[in-house]
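When a ligand or atom number is given, it counts from 1 through the structure's own listing order.
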Amino acid sequence: MDPASVAPSQMKASELAGDFEKIFGSQPRIFRAPGRVNLIGEHTDYNDGYVMPAAIGFFTQVAIAPRSDRKLVVRSEEFDGDFEFDLDHLPTSRVGAWCDYVLGVTSLLQQDGHPLRGANVLVRGDVPIGAGLSSSAAVEVASALAFLDLNGDRLALAEVAKLCQRAENTFVGARVGIMDQFVSCMGKAGHAFFLDCRSLAFKLVPLPPDIRLVVCNTMVKHALASGSYNTRRAECEEGARILARWDPKIRALRDVTGELLERHENDLPVNVYKRCSHIVRENQRVLDAVASLTEGNLTRVGELMRDSHRSLRDLYEVSCRELDVMVEAAEGLPGYCGGRMTGGGFGGCTVNLVHSANADHFAERIARRYQDAIGIQPNVYICSAEDGAQALN
Ligand code: GLA
């Protein structure tokens with residue numbers, strides 16, 4: 001058994017440049033953006049709440065060079081299909097292929113009044129796909145930086161993140177929040193990224209140097225994932241709407257206090273109450289986790305992560321057996337501080353805070369425990385927090 005594959009990424013920009021030259025006959029500029037793992041604050045971003053993710057060492061690289069015509073040619077060696085679009089007649093919604101994330105960004109840049117010239121684009125990535133580590137945000141962010149640069153244009157990173165989120169909302173059709181794109185743009189090596197998803201104010205919270213973020217991939221993704229994401233979002237919006245009857249200042253669940261929620265439990269449909277209950281307490285857990293991490297109290301951060309998982313399982317109901325088994329499998333292993341499911345749920349990964357001296361052993365043991373219980377060999381990635389998006393040449 002080979003349980004642990006270790007981040008960071010081994011992808012070399014020079015290899016991508018060489019491949020680009022073979023295909024397109026010119027030298028590209030290369031940009032990369034990372035995937036992320038969320039330490040705590042799940043499903044809070046689209047409720048105007050708090051999150052604390054970190055960028056990790058899996059990346060999408062986008063190589064780009066100009067063309068003399070008005071075509072946009074998009075390729076990848078990993079995914080099927082060579083795509084060619086006319087920049088003057090770009091689709092305004094998804095075409096149903098992987099290139100949608102590139103195309104969405106291009107289309108929105110153009111709609112926002114950024115002039116675009118013809119381009120050849122080659123995409124390569126090693127962010128595990130469908131694992132809840134934000135491979136799509138990584139493609140969007142790296143593409144946005146590439147197109148802006150090619151056109152001699154500039155946009156603040158926070159604006160790049162917002163544009164990429166809009167591309168996913170309006171072009172691809174997924175109603176995601178701002179967390180993934182934001183941390184992919186602005187993450188910082190060695191730090192967790194505490195973000196207020198309403199004001200977009202953020203604070204970098206140092207992670208102890210001897211802590212690893214061990215990400216355990218259950219290797220399952222249940223079909224429920226995208227439909228249920230939108231249902232949960234709608235339930236939260238319903239909760240905020242109903243509760244605003246008693247406090248008109250409530251614009252989102254971010255504005256609801258635990259006390260107000262308890263007072264009106266019986267005014268809410270049961271499911272809506274459960275969702276609201278998760279969000280209101282999860283926001284508080286993020287604030288507590290920031291304070292505890294700042295004090296170096298990893299035991300407390302670990303407890304908050306465990307509480308978050310139980311809440312996602314029982315109140316928000318976005319966990320699944322594989323995730324629960326993976327979270328349970330970490331208990332009692334040496335060096336383990338705490339862990340939980342991470343990302344949207346219904347499969348994907350757990351994130352675990354583990355002392356670095358124990359990380360390899362932890363990876364081996366958790367993989368064996370999970371395989372014994374579920375019959376699937378997981379992938380385990382030993383990660384650190386990495387820098388956000390950047391140019392590579
Ligand atoms: C997905 C979305 C994020 C966030 C998480 C859940 O990753 O892209 O915006 O809502 O789910 O926390």
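Every atom of ligand 1 is numbered from 1 in the order shown, and the set under 4.0 Å from a heavy atom of Val176 is 2 (C), 8 (O), 9 (O). Heavy-atom contacts of Asp45 reach the following atoms of ligand 1: 3 (C), 4 (C), 9 (O), 10 (O) (cutoff under 4.0 Å). For ligand 1, the atoms sitting less than 4.0 Å from at least one non-hydrogen atom of Tyr46 are 10 (O), numbered in the order shown with element in parentheses. Each of the atoms 9 (O) of ligand 1 lies under 4.0 Å from some heavy atom of Gly177. For ligand 1, the atoms sitting less than 4.0 Å from at least one non-hydrogen atom of Gly344 are 11 (O), numbered in the order shown with element in parentheses. Ligand 1 places these atoms under 4.0 Å from at least one heavy atom of Met179: 4 (C), 5 (C), 12 (O).
Rounding to the nearest 0.5 angstrom, the gap separating the CD atom in Glu21 from the CG atom in Leu122 is 12.5 Å. The structure places CD of Glu331 at 8.5 Å from CG of Leu333, a figure rounded to the nearest 0.5 Å. The CG atom of Asn283 sits 7.5 Å away from the CG atom of Asn47 when rounded to the nearest 0.5 Å. Here the CG atom belonging to Leu39 is positioned 8.0 Å from the CZ atom belonging to Arg340, to the nearest 0.5 angstrom.
In this structure, atom 8 (O) of ligand 1 lies nearest to the protein heavy atom Asp180 OD2, 2.6 Å. Given atom 10 (O) of ligand 1, the protein heavy atom at minimum distance is Tyr229 OH, 2.6 Å.
Aromatic rings from His43 and Tyr229 are positioned such that their centres are separated by under 6.0 Å.
Polar contact check, Asn38 against ligand 1: no nitrogen or oxygen pair lies under 3.5 Å apart. Between Glu42 and ligand 1, an N or O atom pair is found at a separation short of 3.5 Å.
Exactly one residue among Arg285, Arg281, Glu42, Glu282 makes a side-chain hydrogen bond (donor to acceptor under 3.5 Å, both in side chains) with Ser308. That residue is Glu282. Remark: of the listed residues Glu262, Glu235, His278, His264, Glu262 is the sole one forming a side-chain hydrogen bond (donor to acceptor under 3.5 Å, both in side chains) with Tyr273.
Under the 30°/60° scheme for interplanar angles, the aromatic rings of Trp98 and Phe83 are found to stand perpendicular.
Under 4.0 angstrom from ligand 1, the non-hydrogen atoms of Arg36 all belong to its side chain.
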